[in-house]
Number of protein chains: 2
Amino acid sequence: MSRDTGGGGSTSAARSRLLTTATRIFYAEGIHSVGVDRIIAEAQVTRATLYRHFTGKEELVLAYLGQADLGIRAQVEAARAGEESAAGQVRAVARSIADGIRSPGFRGCAFLNAVAEYPDPAHPVHRAVLAHRQWFLDTVTELLARIGDAPADGDGRHVVMLRDGAMAAGCLFDPELVCETFLGGVEDVVRSREA
Amino acid sequence: MSRDTGGGGSTSAARSRLLTTATRIFYAEGIHSVGVDRIIAEAQVTRATLYRHFTGKEELVLAYLGQADLGIRAQVEAARAGEESAAGQVRAVARSIADGIRSPGFRGCAFLNAVAEYPDPAHPVHRAVLAHRQWFLDTVTELLARIGDAPADGDGRHVVMLRDGAMAAGCLFDPELVCETFLGGVEDVVRSREA
DNA sequence: ACAGAAAGAGACCGAACGTTCTCCCTCATC
DNA sequence: GATGAGGGAGAACGTTCGGTCTCTTTCTGT
């Protein structure tokens, strides 16, 4: 069961369990404070299996962030798919971010949390965070540029700054109020471009 | 030298060196990833001395955050002292935050970084972060309330959200652009209340 | 001069860390 | 039926972790 279907796949039941478990625990409890023993125990996998699929803990962390990156890209695409106008798409993305903040188990931004544990700019984990953030900034800026004629760089940074603040505060203040403030702030930016 | 001056003081050269070193290293590299060996080595203090002044690493972490809290309160007071009007004080506080972000060695908000490593809301470190944040939110909201007549709760949260986003992004994007966006956002809020 | 606290020096503890290893079993494919 | 990869089980590696211990030196206030 669960055998590769021939191609150069990297799928297996054990690997998938490993990645799912690592994602859950790393996001909920942090990275440095969780040992590989915890992960292999909860993934019901042996130590040897972990090191057969990953070169070490670091590669598992990178896979975790890759997983998170895919999730967020899918979330953004899903939000955009429901709207035609650029303004509608920005609002939809903001709403989907707010939905995440309100969800049970929300623990802030996986990337901001990870980078707090990897301050060294040369570290692969740090670089993965930077890459994800650059993609998000570019995506938002490009979307805003389609609303009105004004340059969108500043507004893009503004929206991302609100997002970062909302993600950071979402599990430290009342999530409901945080979402209200965030959505209001994004709405101001969108409206200022629509005018 | 460096003897207590009689009262129930908690000052000593070794303790001070310990706290200064811990603050520097914890802020620059994170908490879980640095061991007490690093700290006592760089503080030029023996292991026994650490445990004579602190019950353990956790108390050292709490002392580090206490240090950071005092620093920020002093920074806010200094900024406010130079301005008379409430609006001027808010602008001054924002400028002083921006100055911090532009400073060399800026590694984000010590409290946001710490809470990323201590997600458990019941943990003393997590609670210390919440307490600091509540003070800051209250301070900003109270200041904004003195500008105009509109309720200031929402605007206070808005400014804190911009600050959180700016502090998070300040060491991940170009600090100069981050500060520009941050100061612009705060200015918008202040002006909307002055009108 | 003397008592006593602060600090240095360093051995030591058990536990957890990430990692590597061997041995055996299962099972799809040729 | 033989082959060989994937996985389970678990011992073991050396290192580092946070924390405790004893012993000695230094220096202050009385």
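Note that the structure is predicted; figures quoted are calculated from it, not measured. Per chain, numbering begins at 1; letters A, B, ... match sequence-line order.
Listed pair A/Thr49 / D/dG8 meets the phosphate criterion, a side-chain N or O lying under 4.0 Å from OP1 or OP2. Distances shorter than 4.0 Å separate some side-chain N or O of A/Ser12 from OP1 or OP2 on D/dG7.
Distance alone, capped at 3.5 Å, is enough to place a donor-acceptor pair between the B/Tyr27 side chain and the B/Gly108 backbone. Not one N or O on the side chain of A/Arg80 forms a donor-acceptor pair closer than 3.5 Å with the backbone of A/Gln89. Side-chain N or O atoms of B/Arg157 include none that pairs as donor or acceptor with a backbone N or O of A/Thr181 at under 3.5 Å. With hydrogens and angles ignored, the 3.5 Å screen pairs a side-chain donor or acceptor of A/Gln75 with a backbone N or O of A/Ser96.
Proximity note for B/Val45 (side chain, C-beta onward) versus C/dG18, C/dG8, D/dG8: the nearest is C/dG8. Picking from D/dT20, D/dG10, C/dG8 the nucleotide with the shortest atom distance to the side chain of B/Arg47 gives D/dT20. Taking every side-chain heavy atom of B/His53 into account, C/dA7 is the closest of D/dG10, C/dG18, C/dA7. Taking every side-chain heavy atom of B/Tyr51 into account, D/dG18 is the closest of C/dA7, D/dG18, C/dT20.
Counting to the nearest Å, the P atom of D/dC17 and the CG atom of B/Leu50 are 13 Å from each other. The NZ-C1' distance, from A/Lys57 to C/dA16, rounds to 11 Å in whole Å. In this structure, B/Arg15 atom CZ and C/dA5 atom P are separated by 19 Å, rounded to whole Å.
Comparing B/Arg52 and B/Thr55 by the nucleotide of DNA chain D that holds the closest heavy atom to each, the one mapping nearer the 5' end is B/Thr55.
Using a 4.0 Å cut-off on heavy atoms, the residues of residues 26-44 of chain B that approach DNA chain D are B/Val34, B/Gly35, B/Val36, B/Asp37, listed by number.
The pair B/Arg95-B/Asp99 fails the salt-bridge criterion, with no side-chain N (NZ, NE, NH1 or NH2) lying under 4.0 Å from an Asp/Glu carboxylate O. A salt bridge is absent between A/Arg191 and A/Asp188; no separation between the charged side-chain nitrogens and carboxylate oxygens falls under 4.0 Å.
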